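This report refers to the structure that appears directly beneath it.
These figures come from a predicted structure and were not determined experimentally.
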Amino acid sequence: MNGDWRFRLLPGAPGGAVAVLPDGGAPDAIAEDGFDDSGWNELPVPSHWVLHGGGRYGRPIYTNVQFPFPIEPPFVPDDNPTGDHRRRFALPADFAGAASVLLRFDGVESRYRVWLNGVEIGIGSGSRLAQEFDVTHAVRPGENLLVVRVHQWSAASYLEDQDQWWLPGIFRDVTLLARPAGALDDVWLRTDYHAGRGSIRPEIVAADDAYPMTLRVPELGVEVTWHSASEVSGIDAGPVQPWSAELPRLYDATVASTGETVRLRLGFRTVEIAGDRLLVNGERLVFHGMNRHETHPDRGRVFDEDWARADLLLMKRFNVNAIRTSHYPPHPRLLDLADELGLWVILECDLETHGFEPGGWRDNPSDDPAWREAMLDRIERTVERDKNHPSIVLWSLGNESGTGQNLAAMASWVHGRDPDRPVHYEGDYTGAYTDVYSRMYSSVPETASIGRDDSGALLFGCSASESARQRSKPFLLCEYAHAMGNGPGALDQYEELVERYPRLHGGFIWEWRDHGLRTHTADGIEFFGYGGDFGEVVHDGNFVMDGMVLSDGTPTPSLHEFAQVAAPFAIEVADVLTIRSRRHSADSADVVFAWSAEADGEPLASGELDVPPLEPGASVAVARPTLPELPDGAGELWLNVTARLVAPTAWAPAGHPLVTAQGLIARAPEATLRWSPAPRDPATGGLGPGLPDILGPARFEAGRLVELAGEPVRGPRLALWRAPTDNDRGAAFGSYQDADPTLPQWRATPAPPWDVRWREAGLDRMVPRVVSASGSASRLRVRTRWAAANSRLAVICDEHWWLDESGLALAVDLEPGAGWQLIWPRLGVRFDLPTGVDGASWFGPGPLESYPDSLRAARVGRFSATLDELTVGYARPQESGHRSDLRSLTVRRSGADWLRIDAGPDAAGRLPGFTLTPHTAEEVDRAAHPHELPPSSATRLYLDAAQNGLGSRACGPDVWPAQALAPRAASLRLRFAPG
């Protein structure tokens, strides 16, 4: 029934307290055959009406926790956008012999009423749940009229407060089904796998006239005929290949009754809990997962199979092995794709009542008997629709709905209906009715405490006995590492805990994709909108932009970091190479381990390692290949080892890299002269005599740099400020700064977001005062004090420029004064380069950005990128593009190499990082969207002695203290030459 329908939008529900009908007619007149809809517009179905009509039908609304209407359950406001839909259709001729006709809706937000040929059919509710109506009595040969009235708000809206856009409409398929005599009303083929053999436990719902019926699985030689319901029983399928996310083996099966044939794809696997282990086919399951909403920048939640398949293929290529369907069942075809491509699935019910939490969960439906049947209905429809999918390994009751008797009843129903799959719900903190222990955003020490057998510390929300009960179960992080903007950090810390403690079964990043909706400014500039961009009365801003993939499908640097951390093989490059399989069920026969040697990023040699096939969990030590000597003049010899696919798969081409590891094999002695200490001219008060105008490629005026390599350049100026990331702006779980982060029950001390504290300290508005300047024909020293208005906090920037036989050198010593009591965003200097800079090449970690707690995807090599490629186009502009441990940088201008900068280590061996961007951090900070950035007036080069980590504080823990930038002294060692 998909296609163009006649449509009109009313401001409220007809027949309510407010007159909303334009013609004053009867509320249900639209159901009549003779009703005149010629003045209506057309709207495609499926769709969300707020994404059509250019605002004529209202606008999207984004909230996370808030309800966008007054909280008065079960009531909603009189202002309740209501979409009337009408469609005429011809009944196919072959429907004439149907025993019954069903009308199916796969998704309508949020409550709807249906008429067929003037006959009221029924009322539907449960936006992301399928509903079928028997319309046999109302359908007729020839032309028919289907009418659907959809209300945006209803009592169901209180159960559907998921963190996403509110998008009303008929957004999934509408289908008319002819059901034959002798039909199969329901088929469930449960499968098991033990010791190499499969079994099938059929459950068939059908009338007596459906028999005899036959089950066939041709590949297994299975053909069984049952002549009555009493004969239906379990079947030994014989030797089978089991289904897993790594080896998603499916067997085509049919069940044929007298009236129809149902086709299914069977995956043989057994899910069980053994003590505190979650096992599939007898092996511990580890989730490297993503929370996935259904979202598209133009269609919203309207399903597109090509788009969905591309989504899952991208997941597979980045080592994602699991999906939590947050926070509702997806379109049913998505689960077919998960079965086919291989992804573990936690299938979640369409339930979230988060808007009740700010009021202390008062009136929360989860513990109100009046809502019991509505909540049970939701979990029943969830399980019954999707129970045949082998990819589903846990059922989840919903999300962020507090706790209470109705959730316990839902769990009880699932346990009775499908005891083969465990029940998940994060909000059951004490473990009263769920089978696995699940948490969101627990800190690293807290997660370690959950995993340890020797920890008796109380768990969040638990008594001592409840804590003991939860520690006896498998644990997973249903949400962790909030991927909002630039971040998250610390993925590797969580992964190391999963490796160390078998009770921990991994988790699911929040979340997969930004939910930006494509929109335009008044003058036609396209951008991806977030909360507040559509005139919402209440909204939660850009909190909906929290994906590892941008709205347009671009993977973020953090997704590359995830792929490295979640890799199926762990490789250690040392004197002996150690390779360990982290797979669940597949051996390594599909993988080749290739190596390459590079000197200062230039290739020297390459080959393949002779690695025997590794079974899951096995490891092997391999002799390091014989490598060439470090060439004269080169500084570093690196060995790279990459696991690549031998042959193409359904999700990646041959040669696709699964993981790359790297080791430093040799380093040349440091050139003493090249990085010798700077000449120490004595400090003088004010501007001393003999300040040079020219030092090699640099020109100065009164001791300040004004030109480099023939082009105007300004700097260095102190840089403590970075454009705050979304995590810098967040305060979810407080700060580690004033708390003991090692406490297992850690909840950090409440504190303002870091960007607030940084602004209060004036880091974004520091101004200089030259303390002294002195020099000679071959060197210059400038000492500058940087501080903010109304502040005594200061940093001294001591520049030493000099010429020697190696060229122009600069040493910058950064010396903080007393009194600093916060974490800094960065510590470095900024140079303002001319416009026209269009890219750079460098030797150091790359090719993407890296930060102290997000380094695993970076490898040392020689890379190049355009200026636009050096930063990330997040929906809200923020700090991005920092690349750590720079050795050498060549800046391009107008397509040609212009300026080369070499970086040397400080006294502790630390190298600086760099960021090259068209805008200052202050300009980026002031822009709420990319199109609000001003035209570039110069190219900004930041050279940082240190950067603060990223963390996950937008909705999770702060930057771990070891990666946080406490105020300290630092030194930068640089050399400049024309490119």
Side-chain angles (χ1 to χ4, degrees), residues 677-693 695 698-706 708 713-723 754-755 757-776 779-802 809-832 906-907 910 912 915 920-923 925 938 940-948 965-974 976:
R680 296 288 171 174
D681 289 325
T684 61
L687 300 178
L691 298 181
D693 294 328
L695 287 177
R699 186 167 67 85
F700 299 85
E701 292 179 358
R704 309 311 297 168
L705 178 67
V706 296
L708 259 176
V713 174
R714 298 291 186 273
R717 58 179 293 127
L718 178 71
L720 297 183
W721 178 255
R722 74 182 184 189
W754 280 118
D755 77 307
R757 299 177 71 175
W758 294 339
R759 293 179 208 278
E760 290 173 349
L763 302 191
D764 59 338
R765 51 185 173 84
M766 300 185 77
V767 294
R769 179 180 66 82
V770 174
V771 175
S772 64
S774 59
S776 66
R779 57 184 183 263
L780 169 68
R781 180 184 184 187
V782 181
R783 188 172 173 82
T784 307
R785 183 182 188 272
W786 291 83
N790 197 38
S791 175
R792 298 180 187 274
L793 300 173
V795 175
I796 298 296
C797 181
D798 203 355
E799 304 167 42
H800 301 266
W801 296 87
W802 75 97
L810 169 63
V812 181
D813 296 323
L814 303 172
E815 304 160 357
W820 290 100
Q821 308 231 340
L822 74 167
I823 298 299
W824 279 344
R826 72 177 346 135
L827 174 58
V829 296
R830 189 188 90 202
F831 289 88
D832 295 338
D906 65 9
R910 296 171 295 203
T915 306
T920 67
E922 292 78 9
E923 289 172 333
D925 175 34
R940 318 297 178 168
L941 173 62
Y942 289 87
L943 294 167
D944 292 323
Q947 269 257 2
N948 190 40
L965 177 52
R968 65 172 176 88
S971 296
L972 297 168
R973 299 291 181 262
L974 308 168
F976 300 86

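Rounding to the nearest 0.5 Å places CZ of R722 at 14.0 Å from CG of D764. Once rounded to the nearest 0.5 Å, the distance linking CZ of R757 with CD of Q821 reads 9.0 Å. Note that CG of L810 and CH2 of W802 are 7.5 Å apart. Values are rounded to the nearest 0.5 Å. With rounding to the nearest 0.5 angstrom, the CG atom of L780 is 7.5 Å from the OG atom of S774. To the nearest 0.5 Å, atoms OG (S971) and NE2 (H800) are separated by 8.5 Å. For the atom pair R940 CZ and R717 CZ, the distance stands at 9.0 Å (nearest 0.5 Å).
Partners of R826 under the side-chain hydrogen bond (donor to acceptor under 3.5 Å, both in side chains) rule, at least two apart in sequence or in another chain, are D944. With sequence neighbours excluded, the residues that form a ring-ring contact (aromatic ring centres under 6.0 Å, His included) with F976 are W801, F831. T784 pairs by the side-chain hydrogen bond (donor to acceptor under 3.5 Å, both in side chains) definition with nothing, not counting sequence neighbours. Take W721 and apply the ring-ring contact (aromatic ring centres under 6.0 Å, His included) test, not counting sequence neighbours, and it matches no residue. Remark: R910 pairs with D906 by the side-chain hydrogen bond (donor to acceptor under 3.5 Å, both in side chains) rule, at least two apart or across chains. Residues passing the side-chain hydrogen bond (donor to acceptor under 3.5 Å, both in side chains) test with E760, sequence neighbours excluded: none.
Taking every heavy atom of both residues into account, P967 and W820 meet most closely at CG-CB, 3.7 Å. Minimum heavy-atom separation, A761 to L822: CB-CD1, 4.2 Å. When all heavy atoms of L708 and A698 are compared, the pair lying nearest together is CD2-CB, 3.9 Å. Annotation for G703 and V782: closest pair O-CG2, 3.3 Å, computed over non-hydrogen atoms. Of all heavy-atom pairs between L763 and P825, the closest is CD1-CD, 3.4 Å. Pairing each heavy atom of R968 with each of A946, the nearest pair is NH2-CB, 3.4 Å.
A distance-only check finds a donor-acceptor pair linking the side chain of W758 to the backbone of I823 [under 3.5 Å]. For R714 (side chain) and V706 (main-chain N/O), a donor-acceptor pair under 3.5 Å exists by modelled atom type. In terms of modelled atom types and a separation under 3.5 Å, the side chain of R830 and the main chain of A921 share no donor-acceptor contact.
Counted within 6.0 Å of CD on E922, heavy atoms from surrounding residues, nucleotides or ligands total more than 12; the atom is thus considered enclosed.
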### Chi angles and distances behind the side-chain contact (heavy atoms from CB on, under 4.5 Å) call for Y942, T920
CA-CA 9 Å; Y942 289 87; T920 67; 3.9 Å; yes
### Query
What do the steps show when you test F700 against L705 for side-chain contact (heavy atoms from CB on, under 4.5 Å), and what is the final call?
CA-CA 4 Å; F700 299 85; L705 178 67; 4.0 Å; yes
### Task
Begin from the C-alpha positions of D813 and R973 and carry the test salt bridge (Lys or Arg N to Asp or Glu O under 4.0 Å) through to its verdict.
CA-CA 9 Å; D813 296 323; R973 299 291 181 262; 3.5 Å; yes
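Looking at L827 and L720, their side chains come closer than 4.5 Å, going by heavy atoms from C-beta outward. Under the 4.5 Å side-chain criterion, counting only non-hydrogen atoms from C-beta, W786 is in contact with C797.
E799 pairs with exactly one of R704, R779, R781 by the salt bridge (charged side-chain N to carboxylate O under 4.0 Å, His left out) rule, that one being R704.
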